Amino acid sequence: MADAPSGSSAPSAPSDFIRRIIADDLRTGKHDHILTRFPPEPNGYLHIGHAKSICLNFGSSLEVGGVCNLRFDDTNPEKEEQEYIDSITRDVRWLGFDWADRLFFASDYFEKVYECAEELIRKGLAYVDSLSAEEMREYRGTLTQPGRESPDRHRPVEENLRLFREMRAGVHPEGKYVLRAKIDMAAPNINLRDPVLYRVKFATHHHVGDAWCLYPMYDFTHPISDALEGITHSVCTLEFEDHRPLYDWVVDHLDLGCKPRQIEFSRLSLEYTVMSKRKLNLLVKEGLVSGWDDPRLPTLAGMRRRGYPPEAIREFCARIGVSKADNRVEVGQLESCVREALDASSPRAMAVLRPLKVVIETLPEGHLDRLTLGNHPKRPELGQRSVPLTRDLFIEADDFAEISPKGFKRLVPDGEVRLRGGYVIRCREVVKNEAGEVVELRCTHDPATLGADPVGRKVRGVIHWVSADRSLPASIRLYDRLFLRPDPEEEGQDFLTMLNPASLETVTGRVEPSLADAPPEARFQFERVGYFCVDQDSRPGALVFNRTVTLRDSWAGGN
RNA sequence: UGGGCCGUCGCCAAGCGGUAAGGCACUGGACUUUGACUCCAGCACUCCCAGGUUCGAAUCCUGGCGGCCCAGCCA
């Protein structure tokens with residue numbers, strides 16, 4: 001893809017049971033081309049689970065020379081909005097996929113779907129039912145008991161047709177009638193117990209306006225839409241497995257000239273987050289997060305704002321694979337992909353999250369070294385930048401310890417450490433306030449160590465720093481997991497009670513001056529700290545960075 | 001307890017009767033002016049359990065156990 005960094009490794013080549021089915025269908029001649037589709041309902045923002053589906057649907061087809069349609073499954077006007085259509089198209093494109101001119105709406109097929117319904121009625125395979133919703137539930141039976149037939153089940157075809165047309169014409173109120181398929185009220189699969197095909201809704205549809213007051217159900221619309229588009233493989237998640245007999249029933253009893261095959265895979269679960277649009281919607285509506293693009297959310301908009309590169313998400317989807325097994329993927333799996341992509345592509349910079357003043361007494365007042373540092377340790381083509389080194393500096397508070405923990409390689413009283421890209425300094429004096437807190441370090445520097453190793457001794461530690469007066473203040477948002485538990489709903493918990501109160505910490509740090517004009521979404525590695533991106537709220541003079549992910553830290557475990 | 005599906009390393013996941021891939025994580029070690037990156041090494045005598053078939057079983061059969069999904073005029 002266009003923004004794949006040259007330094008990144010080749011993406012994993014996916015292979016799974018669905019791709020195998022596709023390969024077999026091509027090999028045996030069942031199909032001579034492949035056409036898949038990604039069919040989101042525009043009732044929320046896309047999340048990483050959708051990314052798995054997008055990568056699968058687009059990927060499996062593209063890899064064998066096929067294409068993939070983008071189709072909005074917009075059969076329920078009460079839950080759908082144009083805002084979601086806009087966000088979805090943006091997110092799919094951002095992820096790196098292109099549907100060319102194949103953008104479709106199930107609602108554009110409503111006339112054809114309606115004709116299919118009349119066809120079923122004429123064939124005696126569908127009927128208008130006047131059972132109320134509650135009655136229908138009673139008649140449906142239970143998981144262990146068969147249902148009973150509605151008294152309307154044997155309504156004459158002509159009457160069904162008349163009533164159905166009246167439903168379309170708007171003469172009947174919502175809830176009075178529905179159109180049902182006539183299948184088998186005793187079927188062990190509840191989806192086959194005369195499922196509802198159409199219901200009346202006097203709602204304005206976001207895409208077709210007031211053209212209809214009669215809306216088809218997913219189970220009826222989806223197979224017809226697939227067949228109309230000539231979809232060869234209709235890939236969806238496991239909860240639709242029980243619907244496949246109904247999917248096949250619809251296609252088999254209609255003359256659509258095409259029979260797509262539905263194949264199901266298990267949806268993605270990620271640790272410490274929730275993945276359903278209903279729950280995400282709740283978090284957004286309740287104001288528990290800042291919006292659909294809150295960087296703590298698993299939404300693609302949130303991940304984009306967090307600084308996750310699209311190629312990292314694609315790689316993640318390739319690595320986790322596709323199967324039918326229940327799963328809950330570790331966050332580290334995703335973070336590994338993010339770090340891999342960002343290590344290769346991100347320019348380095350220095351920033352201090354929790355500043356501790358350092359004065360280099362051996363440098364004169366007003367001293368200024370304009371150091372030229374490489375933007376990337378392995379990619380000189382990413383250029384260089386100038387970093388000012390002055391007498392007064394800030395270092396990370398964590399990089400100094402009065403009492404050295406064992407194995408500590410940073411600054412301690414009377415100890416030496418290298419300033420990244422600068423001199424080796426020695427701590428001569430620790431200045432504290434009345435409360436006994438360390439507020440300043442008085443140090444000396446070894447002028448012979450700029451770009452050279454000190455003679456006669458080895459300095460193990462290297463720490464990052466910024467000039468005290470030539471650095472810029474920045475608001476830095478440190479994100480952590482949104483929930484306290486890997487499964488926020490474990491043991492029937494209300495997931496809202498499991499929110500992590502520390503999922504966002506904002507600190508005011510200092511960043512090197514080269515970052516002054518970095519535009520929103522620009523990504524950097526703050527050396528030794530992590531990967532950060534410029535937030536859309538950032539302005540010159542009021543910089544805002546989001547922590548995308550920390551650097552891997554093999555020291556953190558030791559203390 | 002009706003129906004459907006699933007159970008291979010801490011987490012994903014290959015495997016499809018011939019003697020357990022890979023990734024992430026983890027543990028060493030090398031390198032290092034990022035405790036990063038990179039590199040090298042280690043990491044399932046065993047595939048939910050129990051029987052059976054077979055020269056040979058994670059793969060086939062039988063019986064258990066465990067988990068997920070389904071009773072919207074949602075998708």
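Just so it is clear: chains get the letters A, B, ... in the order the sequence lines come, proteins before strands, and each one is counted from 1. All figures in this text were calculated on a predicted structure; none of them were measured in a lab.
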Asks: Please classify the nucleic acid contact of A/Glu174 as base, sugar-phosphate, or nothing, using heavy-atom distances under 4.0 Å.
Replies: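 No contact.
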Asks: Examine the side chains of A/Tyr177 and A/Glu166 and answer whether a donor and an acceptor come within less than 3.5 Å of each other.
Replies: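 Result is no, nothing qualifies.
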Asks: What residues from residues 143-151 of chain A pass a heavy-atom cutoff of under 4.0 Å to RNA chain B?
Replies: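 Heavy-atom contacts with RNA chain B come from A/Leu143, A/Thr144.
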Asks: Would you say a side-chain N or O of A/Arg552 is under 4.0 Å from OP1 or OP2 of B/rC37?
Replies: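 Yes, A/Arg552 has a side-chain N/O under 4.0 Å of OP1/OP2 on B/rC37.
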Asks: State which of B/rA36, B/rC5, B/rG3 makes the closest approach to the side chain of A/Asp242.
Replies: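 Selected nucleotide (nearest to the side chain): B/rG3.
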Asks: Among B/rA71, B/rG35, B/rU38, which nucleotide sits nearest the side chain of A/Arg140?
Replies: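 So the nucleotide nearest the side chain must be B/rA71.
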Asks: Where the side chain of A/Arg199 is concerned, which of B/rC74, B/rG4, B/rG35 is the nearest nucleotide?
Replies: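 When the side chain of A/Arg199 is considered, B/rC74 is the closest of B/rC74, B/rG4, B/rG35.
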Asks: May I ask you to decide whether A/Arg481 forms a salt bridge with A/Glu271, counting only side-chain N to carboxylate O separations under 4.0 Å?
Replies: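 Not counted as a salt bridge, because no side-chain N and carboxylate O are separated by less than 4.0 Å.
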Asks: Would you measure the distance from the P atom in B/rC60 across to the matching atom in B/rG15 and give it in whole Å?
Replies: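 After rounding to an integer number of Å, I get 13 Å for this pair.
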Asks: Rounded to whole Å, please give me the gap between CD in A/Glu271 and P in B/rG10.
Replies: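 For the pair A/Glu271 CD and B/rG10 P, the rounded distance is 14 Å.
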Asks: At under 4.0 Å between heavy atoms, what does A/Met217 touch on the DNA or RNA strands: base, sugar-phosphate, or nothing?
Replies: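 The residue A/Met217 makes sugar-phosphate contact but no base contact.
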Asks: Classify the side chain of A/Lys324 versus the base of B/rC5 as yes if they form a donor-acceptor pair under 3.5 Å and no if they do not.
Replies: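 Under the 3.5 Å cut-off, the side chain and the base do not form any donor-acceptor pair.
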Asks: What interatomic distance, in whole Å, is found between C1' of B/rG28 and the corresponding atom of B/rU19?
Replies: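 Those two atoms are separated by 30 Å.
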Asks: Below 4.0 angstrom, N of the basic side chain to O of the carboxylate: do A/Lys79 and A/Glu41 qualify?
Replies: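 No, A/Lys79 and A/Glu41 are not salt-bridged.
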Asks: Distance between the P atoms of B/rC45 and B/rG3, in whole angstroms?
Replies: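 Result for the P pair: 37 Å, nearest Å.
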Asks: How is A/Thr75 classified with respect to the nucleic acid when contacts are heavy atoms under 4.0 Å: base, sugar-phosphate, or nothing?
Replies: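 Sugar-phosphate contact only.
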Asks: Whether the side chain of A/Arg193 engages the backbone of A/Arg140 through a donor-acceptor N/O pair (distance < 3.5 Å, no angle test) should be reported.
Replies: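 Checked: pair present.
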Asks: Just checking A/Phe408: base, sugar-phosphate only, or nothing, at a heavy-atom cut-off of under 4.0 Å?
Replies: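 Touches a base.
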Asks: At under 4.0 Å between heavy atoms, what does A/Pro245 touch on the DNA or RNA strands: base, sugar-phosphate, or nothing?
Replies: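 No contact.
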Asks: A/His243 has a side chain; which of B/rA75, B/rC12, B/rC5 sits nearest to it?
Replies: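 Nucleotide nearest to A/His243's side chain: B/rA75.
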Asks: Over all strands shown, is A/Leu373 touching base, sugar-phosphate only, or nothing at heavy-atom distances under 4.0 angstrom?
Replies: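 Nothing: the residue A/Leu373, judged by heavy atoms under 4.0 Å, touches no strand.
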Asks: Reckon A/Arg328 touches a base, only the sugar-phosphate, or nothing at all at heavy-atom distances under 4.0 Å?
Replies: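 Here A/Arg328 touches the backbone only, sparing every base.
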Asks: B/rC73 pairs with which nucleotide, Watson-Crick or G-U wobble, both distances below 3.5 Å?
Replies: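 The answer is none; no pair meets the criterion.
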Asks: Write down the distance separating the P atoms in B/rG10 and B/rC43, rounded off to the nearest Å.
Replies: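 Going atom to atom, P in each nucleotide, I get 15 Å.
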Asks: Could you check if the base of B/rG4 is syn or anti? Syn means the glycosidic torsion is within 90 degrees of 0.
Replies: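 The base of B/rG4 is oriented anti (glycosidic angle more than 90° from 0).
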Asks: With the criterion set at under 5.5 Å between ring centres and under 30 degrees between planes, would B/rA75 be stacked on A/Tyr218?
Replies: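 Not stacked: fails the 5.5 Å / 30° test.
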Asks: If you find the nucleotide of RNA chain B closest to A/Arg420 and the one closest to A/Gln333, which residue's nucleotide is nearer the 5' end?
Replies: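 Taking each residue's closest nucleotide, the earlier one in sequence belongs to A/Gln333.
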Asks: B/rG18 and B/rA30: how far apart are their C1' atoms, nearest whole angstrom?
Replies: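 It works out to 40 Å between them.
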Asks: Mark yes or no for a side-chain to base donor-acceptor pair under 3.5 Å between A/Arg410 and B/rG35, with no hydrogen or angle criteria applied.
Replies: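 Check passes, donor-acceptor contact within cut-off.
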Asks: With respect to the side chain of A/Ile190, which nucleotide from B/rA71, B/rC37, B/rG35 is positioned closest?
Replies: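 So the side chain of A/Ile190 is nearest to B/rA71.
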Asks: Is A/Arg137 near enough to B/rC73 that one of its side-chain N or O atoms lies under 4.0 angstrom from OP1 or OP2?
Replies: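 It does not, given that no N or O in the side chain of A/Arg137 lies less than 4.0 Å from OP1 or OP2 of B/rC73.
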Asks: Regarding A/Ser323, tell me which of base, sugar-phosphate or nothing describes its non-hydrogen contacts under 4.0 Å with the strands shown.
Replies: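 Sugar-phosphate contact only.
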Asks: When we call it a touch if two heavy atoms are under 4.0 Å apart, what does A/Val322 touch: a base, just sugar-phosphate, or nothing?
Replies: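 It contacts sugar-phosphate atoms only.
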Asks: Considering only atom C1', compute the distance from B/rG63 to B/rG72 and round it to an integer number of Å.
Replies: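 About 38 Å, rounded to a whole number of Å.
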Asks: If you look at every strand shown and take non-hydrogen atoms under 4.0 Å, does A/Gly451 touch a base, only sugar-phosphate, or nothing?
Replies: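 Result for A/Gly451 = base.
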Asks: Can you tell me how far P of B/rA36 sits from CZ of A/Phe532, to the nearest Å?
Replies: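 It is 17 Å, rounded to the nearest whole Å.
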Asks: So if I apply the ring-ring contact (aromatic ring centres under 6.0 Å, His included) rule between A/Tyr198 and each of A/Phe164, A/Phe110, A/Tyr215, which one comes out positive?
Replies: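 Testing A/Tyr198 for a ring-ring contact (aromatic ring centres under 6.0 Å, His included) against A/Phe164, A/Phe110, A/Tyr215 leaves exactly one candidate, A/Phe164.
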Asks: To the nearest angstrom, how far is A/Met185 atom CE from B/rG2 atom P?
Replies: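 Roughly 19 Å, once rounded to whole Å.
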Asks: Could you please name the option among B/rC11, B/rU33, B/rA36 that lies closest to any side-chain atom of A/Glu330?
Replies: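 Of the options given, the side chain of A/Glu330 lies nearest B/rC11.
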Asks: Using a strict 4.0 Å threshold on nitrogen-to-oxygen distance, state whether A/Lys201 and A/Glu174 make a salt bridge.
Replies: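 No, no charged N to carboxylate O under 4.0 Å.
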Asks: Tell me which nucleotide among B/rC70, B/rC74, B/rA36 gets nearest to the side chain of A/Asn191.
Replies: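 The closest nucleotide is B/rC70.
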Asks: Between atom CZ in A/Arg193 and atom P in B/rC73, what is the gap in whole Å?
Replies: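 Distance, rounded to whole Å: 13 Å.
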Asks: How far does the C1' atom of B/rC5 sit from the matching atom of B/rA20, given to the nearest Å?
Replies: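 My reading of the C1' atoms in B/rC5 and B/rA20 gives 25 Å.
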Asks: Expressed as a whole number of Å, how far does the C1' atom of B/rC73 sit from that of B/rG2?
Replies: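 It comes out at 24 Å once rounded to the nearest Å.
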Asks: Would you kindly compare A/Gly321 and A/Lys201 by the position of their nearest RNA chain B nucleotide and give the one closer to the 5′ end?
Replies: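 So the residue in question is A/Gly321.
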Asks: Does A/Ser554 have a side-chain nitrogen or oxygen under 4.0 Å from the phosphate oxygens OP1 or OP2 of B/rA36?
Replies: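 Indeed, a polar side-chain atom of A/Ser554 lies that close.
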Asks: Please work out if A/Ala133 contacts a base, only the sugar-phosphate, or nothing of the nucleic acid, heavy-atom cut-off 4.0 Å.
Replies: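 Base: the residue A/Ala133, judged by heavy atoms under 4.0 Å, touches a nucleobase.
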Asks: Once you apply a heavy-atom cut-off of 4.0 Å, does A/Arg278 come out as touching a base, just sugar-phosphate, or nothing?
Replies: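 If one applies the 4.0 Å heavy-atom cut-off, A/Arg278 turns out to touch nothing in the nucleic acid.
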Asks: Charged N to carboxylate O under 4.0 angstrom, A/Arg528 versus A/Glu396?
Replies: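 No, this pair does not count.
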Asks: Taking only side-chain nitrogens and oxygens of A/Thr142, does any of them come within less than 4.0 Å of OP1 or OP2 of B/rG2?
Replies: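 So the side-chain polar atoms of A/Thr142 never come under 4.0 Å of the phosphate oxygens OP1 or OP2 of B/rG2.
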Asks: Donor-acceptor check, side chain of A/Asp343 to backbone of A/Arg339, threshold 3.5 angstrom: yes or no?
Replies: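 Absent.
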Asks: Out of the candidates A/Met275, A/Arg267, A/Lys277, only one should pair with A/His50 under the side-chain contact (heavy atoms from CB on, under 4.5 Å) rule; please name it.
Replies: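 The passing option is A/Lys277.
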Asks: Any ion pair linking A/Arg348 and A/Glu527 (charged N to carboxylate O, less than 4.0 Å)?
Replies: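 Salt bridge between A/Glu527 and A/Arg348, a charged N being under 4.0 Å from a carboxylate O: no.
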Asks: Counting side-chain heavy atoms from CB outward, which of B/rC5, B/rG7, B/rG72 is closest to A/Leu238?
Replies: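 Out of B/rC5, B/rG7, B/rG72, the nucleotide with an atom closest to A/Leu238's side chain is B/rC5.
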Asks: With sugar-phosphate meaning primed atoms plus P, OP1 and OP2, does A/Phe240 contact a base, only sugar-phosphate, or nothing at under 4.0 Å between heavy atoms?
Replies: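 A/Phe240: base contact, heavy atoms under 4.0 Å.
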Asks: Between the base of B/rU34 and the side chain of A/Arg528, is there a donor and acceptor pair under 3.5 angstrom?
Replies: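 Counting by modelled atom types and ignoring angles, no donor-acceptor contact under 3.5 Å is found here.
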Asks: Side chain of A/Asp343, heavy atoms from C-beta onward: which of B/rA36, B/rC37, B/rA14 has the nearest atom to it?
Replies: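 For A/Asp343, the side-chain atoms sit closest to B/rC37.
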Asks: Using the rule ring-ring contact (aromatic ring centres under 6.0 Å, His included), only one of A/Phe104, A/Phe72, A/Phe105 pairs with A/His207; which is it?
Replies: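 In the set A/Phe104, A/Phe72, A/Phe105, the residue that makes a ring-ring contact (aromatic ring centres under 6.0 Å, His included) with A/His207 is A/Phe105.
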Asks: Which is true for A/Leu192 with a 4.0 Å heavy-atom rule: it touches a base, it touches only sugar-phosphate, or it touches nothing?
Replies: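 Nothing, no nucleic acid heavy atom in range.
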Asks: Of the candidate nucleotides B/rC73, B/rA13, B/rA25, which contains the atom at the shortest distance from the side chain of A/Val196?
Replies: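 My answer, after comparing the listed nucleotides, is B/rC73.
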Asks: Looking only at atom types and distance, does a side-chain atom of A/Asp226 sit under 3.5 Å from a main-chain N or O of A/Pro260, one as donor and one as acceptor?
Replies: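 No.
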